[in-house]
Amino acid sequence: MSLLTVKNLKLQFGGLLAVNDLSFTVEKNSISSIIGPNGAGKTSVFNMITGFYRPTSGEIELDGISLINKKPSQITTLGMARTFQNLRLFPNLSVLDNVKSGMHCRTKQAVFGALFQTKSQKAEEKLIEKVALDCIEFVGITKYLKRSAKNLPYGAQRYLEIARALATKPKLLLLDEPAAGLNFEEKQYLIQLIRRVRDEFNITVLMIEHDMALIKQISEHITVIDYGCKIAEGTPEEVLKNEKVIEAYLGKEEVV
Amino acid sequence: MEMFLQILIDGLVIGAFYSLVALGYTMVYGIIKLLNFAHGDLYMMGAFIGFTLLSFITGDGGVNTGLLGVAIVFIGTMTIVGLLGMGVERIAYRPLLLAPRLSILITAIGVSLSLEYTSMIGWGASYKVYPIKLPNDGLQFLGTQISFAQIGMIVLSALLMLGLRLFIDKTIYGKAMRAIALDQTACSLMGVNVHRIIALTFFIGAFLAAGAGIMSGVYYGTINFMMGFTIGLKAFTAAVLGGIGNITGAMLGGLVLGILEAFGTFYIGGSWKDVLAFGILILFLVFKPTGILGAKEMERM
Amino acid sequence: MKKYKKQSLGLLIISLFILPFFLNSYWLDVFTLVLFYVVLTQGLNIVVGYTGLLDLGYAAFFAVGAYTTAILMTTYHWSFWLTLPVAFVCAALSGIIIGTPTLRLRSDYLAIVTLGFGEIVKILATNLEITGSASGIYGIPRPAIGSYILSSQKDFYYLILIVAIISIIAVYRLGRSRIGRAWIYIREDEDAAEAMGINRIRLKLLSYATGAVIGSFAGSIFAVKMSAIAPLSFSFLQSVMILLAVVLGGLGSIPGVVIGAVLVIVLPEILRGADDWRYLIFGVSLVAMMIFRPQGILPSKNGTEDASELDESETNDPKQSVSV
Amino acid sequence: MKPLLKLTDVNSYYGKIHALNNINLEINEGEIVALLGSNGAGKSTTLKTISGLIKPKSGSIEWNGKSIVGAPVHKIVESGIIHVPEGRRIFSGLTVTENLELGGFTYRKDKKWVKEGIERSFDLFPRLKERAKQLAGTLSGGEQQMVAISRGLMANPKLLMLDEPSMGLAPIIVQEIMRIIREINKQGTTILLIEQNAKAALRLANRGYLIEIGNIVMHDTAEVLREDDKIIKAYLGA
Amino acid sequence: SEGSSGGTGSSEEILVGVLLPVTGNNATDGKDMLNAMQMAAEKINNDGGVLGKKLKLEVADDACDPQMATTAANKLVSMKVTAVVGGYCSGSTLPASGVFNNAKIPMIVAAANSSELPAQGYENLFLINGLVPDQAQTGADYFNDKGAKNIVIIHDNSAYAKNLADFAKKSVEGNGGKVIGFEAINPEEKDFASLMTKLKSLNPDGTYFTGYYAAGGLMLKQFKEKGVSGFFMVGDGSYSPDIIDIAGAINADGLLVTATPTANFIPGADEFVKDYKSKYNDLTPGPFSALSYNGMNLLADALKRANSTNSEDLRKALKETKGFEGIGQVIEFNDQNSLNQSNFHVMKVVDGDFTLEK
Ligand SMILES: Nc1ncnc2c1ncn2[C@@H]1O[C@H](COP(=O)(O)OP(=O)(O)OP(=O)(O)O)[C@@H](O)[C@H]1O
Ligand SMILES: Nc1ncnc2c1ncn2[C@@H]1O[C@H](COP(=O)(O)OP(=O)(O)OP(=O)(O)O)[C@@H](O)[C@H]1O
Ligand SMILES: CC(C)C[C@H](N)C(=O)O
Ligand SMILES: [Mg+2]
Ligand SMILES: [Mg+2]
């Protein structure tokens with residue numbers, strides 16, 4: 001059963017057709033990925049799915065609900081979370097406060113509760129803190145709890161973004177190049193982490209990656225796009241052998 | 001119809017002043033994203049230093065002051081104030097380049113107060129009457145009158161704007177200015193002496209403001225130590241209306257604001273004209289959030 | 001440590017309550033003004049410090065409170081206390097009116113729109129009959145508690161002191177709540193906040209409205225304390241001074257902002273003796289203070305415990321600071 | 001042979017964080033030297049210290065036999081050390097061409113050189129030619145990386161320091177970039193390379209340094225490093 | 001609280017508060033007033049002081065800003081001044097007078113003259129300048145006499161100017177004239193070109209500007225440059241030699257001012273003018289110097305009559321003032337504590353100088 005359906009998606013920037021008539025689906029509980037050359041339109045697809053870009057035309061559905069014309073915050077509330085290709089943390093806030101942001105859409109205390117410190121307010125604060133701590137623990141950066149995000153090592157910042165996304169309790173997690181800048185050992189850790197996200201939380205994962213070794217290891221389904229169009233799709237074995245994909249994206253040499 | 005034209009001309013003249021000050025505002029903003037609230041006070045300083053120099057050369061009451069003398073005073077004052085602008089940057093802003101932008105805003109207010117009250121202590125609190133006055137000669141056409149001074153003012157600001165525009169768009173220094181606005185560190189990695197370019201920007205901005213300051217003294221006849229405040233505010237408004245950081249925008253914003261005020265005064269009265277001006281500004285920004293010529297911010301996720 | 005902190009806070013509050021007995025009426029008045037500024041800066045702190053929205057027209061809300069109370073008390077003979085809720089509603093509404101067109105705007109455009117609204121409010125006050133036009137409204141009656149009429153300087157000192165304490169507690173609690181954090185997320189990175197499911201439009205409006213209500217509270221008391229109000233008290237300069245206090249003290253930091261309020265009022269008073277040099281010295285000290293403490297006097301730590309200060313060269317990330 | 005660049009006992013700090021601890025490092029003319037290390041090890045800090053963005057607390061940095069400690073960044077750039085920083089840091093509001101022009105800032109008096117440099121960049125990365133007038137901020141991640149590298153080349157560097165140039169690039173581009181690095185090197189530019197793609201880096205480099213928590217823990221020729229167990233485990237994979 | 005016992009600085013001194021704009025746009029007139037008060041105090045002290053004590057002036061700046069005025073007033077109250085002399089701008093005098101009245105400290109207002117001041121009904125507030133309604137009438141009558149029927153009135157939105165403009169409108173209309181334009185300007189501005197364009201299109205017989213001189217001078221200049229028809233008249237807020245300077249002597253020629261005359265027009269004030277000039281570097285007394293001088297002397301006189309520094313006694317003594325002869329005026333108060341009769345005239349600028357026109 002598919003969790004996300006993208007149909008005939010199109011995105012135009014002035015004269016540039018960044019995404020062109022793209023359709024694909026993401027199966028529930030899968031780890032899927034989108035690959036393609038730089039500038040193919042992968043991040044743009046993410047931006048449309050999460051509501052940051054408005055598609056020129058086409059349809060996007062999450063669990064049967066159309067996401068077209070919805071604000072990013074609404075889409076997150078519906079069960080989608082993402083990380084950004086260029087990290088978008090809250091740089092001056094602590095790791096803990098960064099992750100607490102994820103719980104915003106799952107809680108509802110307002111001004112009144114805060115002013116009078118009502119019981120339900122206090123209970124919710126406890127819950128927020130607990131969920132945040134769990135997520136931080138889960139990605140393994142508990143030792144940085146009180147450090148401000150901008151002073152974290154780069155890798156830790158990546159994990160922090162994932163923790164923050166997990167705190168929104170998503171059905172679908174979108175990761176934009178999560179392995180960029182990680183060394184081999186760290187990538188192995190990331191692979192474990194992504195698997196655990198799916199297995200322990202039942203969260204479907206869709207990611208963009210350029211690291212073929214990583215893709216081969218965990219991705220069950222790949223969609224390849226070039227110039228905004230889908231040029232191939234299937235399992236890693238199928239796709240990585242595809243001539244078109246090799247020519248446009250992989251190249252002949254082995255670099256990995 | 002004549003009335004309409006006449007108001008348009010009245011508005012263009014005020015607008016030309018706004019534009020000149022707005023240019024400096026926009027330049028400094030464009031490069032270090034600083035709303036230099038002290039900019040209007042550099043205009044005031046220009047007016048006062050020009051006043052002193054002019055009084056000096058017109059000791060005889062101004063009868064024998066040649067055009068050359070006046071030109072020298074203009075250039076001299078503008079240079080002095082340009083250097084003053086650089087000095088302000090060096091002392092007050094440079095140490096804060098990496099601080100939160102609001103902190104520099106506060107510094108700018110501090111600088112503004114310092115300049116105003118230095119002037120007050122130096123030249124006194126009351127109005128000074130300018131030593132030279134402009135002749136009233138001009139043209140009459142279609143039942144409207146426009147003086148040569150007014151024509152000169154408008155043409156001069158247009159030329160300055162054009163020159164600046166070319167400088168920023170086409171020269172490598174101009175490009176460096178824009179690059180500094182985006183990423184100072186990366187810019188220094190290109191071999192750009194960031195501080196020097198910023199200082200240059202302040203010089204140009206202050207230079208122009210001083211020019212406008214003297215012109216205002218000569219044109220209106222009086223100056224006082226608070227004169228930079230209102231025009232600073234108006235120039236800021238003009239710069240934003242035009243699209244802050246954009247040279248042509250500042251020019252356009254200044255003129256539009258001037259014309260709006262002139263029509264506002266005429267049709268709804270002087271006390272309400274600012275409501276009209278600000279009201280239109282706000283309405284405009286609602287539909288075009290980055291001003292008349294401001295580039296749409298294209299932020300990638 | 002924590003206990004120690006609590007004790008000294010208690011001590012501070014007690015000393016604030018007995019302070020009037022040691023001050024002459026001039027300094028009592030100065031401290032009363034300081035307390036007004038404490039309230040105002042707390043309100044602005046929500047908008048600028050927490051939410052990161054630069055507001056150059058905050059005095060408008062101060063005016064809304066003052067005029068609402070003044071008009072209701074003089075023209076309609078309402079009791080002071082009844083005017084408060086009306087003032088709050090008016091202020092919240094005007095906060096939303098000011099907020100709405102600014103939602104799509106970033107930093108500097110926001111600044112000019114708020115400045116414009118501030119000016120418009122002042123011009124309205126200057127020109128409308130109901131606000132007494134230029135000479136404003138005077139002869140505003142004294143408020144009464146039961147049969148006791150608040151009239152002495154001390155009475156108003158205590159009134160505003162209590163309001164200041166209330167607003168500090170309110171702003172403190174809000175800052176540590178779900179709503180307050182959401183404001184801070186918006187300040188730090190609006191898009192990322194939106195991606196975390198935070199409806200930035202609703203929260204920005206809420207921020208404006210809350211800030212406005214606090215500002216109007218100060219305004220209402222100002223009206224009865226002064227017994228006369230005039231448009232000049234709500235000028236752009238007033239907005240700038242409030243902002244000055246907030247930034248000088250440390251954006252988003254409650255004790256910082258309080259210190260900022262004290263400085264902005266007390267410093268020029270101390271300098272009164274310097275005559276003409278007064279504002280020059282004030283201006284220079286502003287520059288000096290910012291150079292030595294660029295983050296404000298007591299910057300907010302945002303709950304972080306970093307080992308280090310910022311380094312010299314690599315903090316040039318525009319997103320790391322509230323933009324102007 | 002005298003090294004082109006020599007760091008002796010360099011210590012750098014971020015506030016109180018001690019990021020580089022007695023770093024010793026040499027680069028000879030014509031070499032490609034790789035700097036390996038995990039996240040937060042201090043690789044980027046090393047480059048920043050060399051290019052003058054960070055002033056070391058102690059130690060010496062000699063460039064062509066002369067100390068450059070404390071020299072302003074633009075002077076260091078003028079002397080031929082070009083640092084292509086991590087995270088691209090292209091000028092997002094300027095067009096691709098303008099970015100390149102700024103890369104040639106130190107050659108601003110030589111209009112012809114700048115013009116040819118831009119052409120060369122377009123030959124190197126044809127994709128950039130298509131996007132010449134586009135604002136660099138709207139380019140895709142990979143395209144931005146191309147701008148960053150070619151911008152660095154515009155200043156005709158003697159030493160080119162690349163901080164993770166392959167980050168975020170498609171495999172085919174990575175191959176291309178590695179080829180270009182070799183090419184640049186052949187034409188006489190010395191290269192200091194930070195790469196997470198250690199396999200590619202060590203294939204390219206003559207020598208390599210391994211840095212961990214601010215300390216150089218290993219340095220040797222590329223062949224030796226390629227065979228080292230520790231390196232294999234952490235950076236190369238079995 | 002702050003008791004009704006009039007305190008003193010020390011046993012040898014009587015502390016007198018002076019509230020004036022010594023900074024800001026109106027500092028010129030403010031300082032002229034201060035000079036005269038200091039001169040008066042000095043003279044009184046040289047003649048042996050009051051009740052065996054010397055007068056000591058404590059100056060507080062209000063810069064014509066209501067909020068600053070309130071703070072300054074409170075400062076004077078806290079210093080326990082016996083009485084206050086001063087008050088230039090009505091806008092700042094209005095709130096300050098409330099502070100003094102609450103503290104039961106008598107205040108003699110030397111210049112500010114908005115009719116809203118006495119309307120407050122403060123028993124501790126005494127006004128020795130003629131009031132705005134009389135001034136408005138003087139101006140309107142002059143226009144009427146000269147056959148100027150179509151009048152434009154311009155104010156600057158300050159409390160005083162608005163007040164004067166409102167009364168001027170009433171007076172003009174009362175005389176059967178027509179107010180064809182009622183405009184406001186922003187005093188910080190310099191460019192009145194479009195307003196003058198509008199005036200020109202209205203073709204008025206007379207224009208009455210009720211604001212202060214800084215804007216008045218600029219307006220007059222642009223009025224002439226645009227060639228607007230009719231008389232140009234200003235109120236006493238613009239009665240200052242500065243207005244001639246600013247507009248330029250040529251443009252100022254024929255300018256009309258409604259004001260109580262300055263010392264140099266007052267018979268018998270020669271000595272005052274001479275003393276003032278010799279004391280202050282040949283500076284001519286300002287438009288409100290004489291009033292300020294009178295105010296200080298009136299205070300001294302009342303203190304003597306009260307034979308006490310107690311504020312209630314002093315208030316009573318002030319109230320009971322009968323036929324006090326100051327320079328150019330005889331002071332007696334009506335039930336509103338303002339002058340029984342005012343002394344407004346129309347002055348005209350001829351050859352760069354004010355002359356008495358009517
Ligand atoms: N806001 C925008 N304005 C204009 N053009 C844009 C914008 N965002 C993206 N583009 C263009 O759309 C195309 C697709 O960009 P996108 O970021 O989706 O690529 P990508 O597949 O994620 O590449 P990479 O792997 O390098 O990150 C690019 O050519 C880019 O220049
Ligand atoms: N601006 C900064 N402020 C404070 N600490 C910093 C800053 N930049 C880096 N650090 C710290 O200095 C250490 C070295 O960082 P550096 O960026 O040199 O690592 P790196 O080896 O380049 O890692 P990466 O592979 O993540 O780029 C890290 O612990 C990092 O947290
Ligand atoms: C006497 C005049 C100067 C009037 C005075 N300015 C006032 O405000 O009432
Ligand atoms: Mg991408
Ligand atoms: Mg690095």
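First the proteins, then the strands, lettered A, B, ... as listed; each starts at 1.
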For this session: Over all heavy atoms of both residues, which pair between C/V287 and B/G110 is shortest? Give the atoms and the distance, please.
Result: CG2-C, 3.8 Å

Seminar exercise, completed: Most heavy-atom pairs under 4.5 Å with chain B, out of C/T126, C/V284, C/L244, belong to C/L244

For this session: Show your working on side-chain contact (heavy atoms from CB on, under 4.5 Å) between C/L115 and B/F236 and close with a plain yes or no.
Result: CA-CA 10 Å; C/L115 185 155; B/F236 171 33; 3.9 Å; yes

For this session: Go through the atoms of B/I244 and report whether side chain, backbone, both or neither lie under 4.5 Å from a heavy atom of chain C.
Result: both

Exercise. In terms of heavy-atom pairs under 4.5 Å, which option from B/F229, B/W272, B/F37 contacts chain C the most?
Worked result: B/W272

Problem set entry | chain C contact via B/I91 - side chain, backbone, both or neither, heavy atoms under 4.5 Å | backbone

Seminar exercise, completed: Among B/L281, B/L233, B/L34, the residue with the most heavy-atom pairs under 4.5 Å to chain C is B/L233

Exercise. When rounded to the nearest 0.5 angstrom, what is the spacing between OG1 in B/T118 and CH2 in C/W277?
Worked result: 7.5 Å

Problem set entry | pair B/V286-C/T100: side-chain heavy atoms closer than 4.5 Å | no

Seminar exercise, completed: dist B/I106:CD1 -> C/M289:CE (nearest 0.5 Å) comes out at 10.5 Å

For this session: Return yes if some donor-acceptor pair links the side-chain N/O of B/S103 with the main-chain N/O of C/P294 below 3.5 Å, else return no.
Result: yes

For this session: Take B/L105 and C/L243 through the test side-chain contact (heavy atoms from CB on, under 4.5 Å) and record every step on the way to the result.
Result: CA-CA 10 Å; B/L105 188 76; C/L243 181 66; 3.9 Å; yes

Exercise. Side chain, backbone, both or neither: which part of C/L286 has a heavy atom under 4.5 Å from chain B?
Worked result: side chain

Problem set entry | Validation row: B/Y117, C/I281 side chains within 4.5 angstrom (heavy atoms) | no

For this session: Calculate, to the nearest 0.5 Å, the distance between atoms CG and CZ belonging to B/L96 and C/F292 respectively.
Result: 10.5 Å

Exercise. Top residue by heavy-atom pair count (under 4.5 Å) with chain C, among B/A108, B/G243, B/P95, B/S271?
Worked result: B/S271

Problem set entry | Part of C/F236 within contact of chain B (heavy atom distance under 4.5 Å) | side chain

Exercise. Roughly how far, to the nearest 0.5 Å, is CG of C/L280 from OG of B/S114?
Worked result: 5.5 Å

Problem set entry | CD1/C/I96: more than 12 non-hydrogen atoms of other groups inside 6.0 Å | yes

For this session: Can you tell which part of B/Y93 gets under 4.5 Å to a heavy atom of chain C, answering side chain, backbone, both or neither?
Result: neither

Exercise. Do you know the tightest heavy-atom contact between C/M290 and B/T107?
Worked result: CB-OG1, 3.4 Å

Exercise. Of the backbone (N, CA, C, O) and the side chain (C-beta and beyond), which part of C/I98 lies under 4.5 Å from a heavy atom of chain B, both, or neither?
Worked result: neither

Problem set entry | Distance, nearest 0.5 Å, that separates CD1 of C/I291 from CZ of B/R94 | 12.0 Å

Exercise. Say you draw a straight line from CZ of C/R278 to CG of B/L113; how long is it, rounded to the nearest 0.5 Å?
Worked result: 11.0 Å

Problem set entry | Under 4.5 Å from any heavy atom of chain C - which part of B/L285 | both

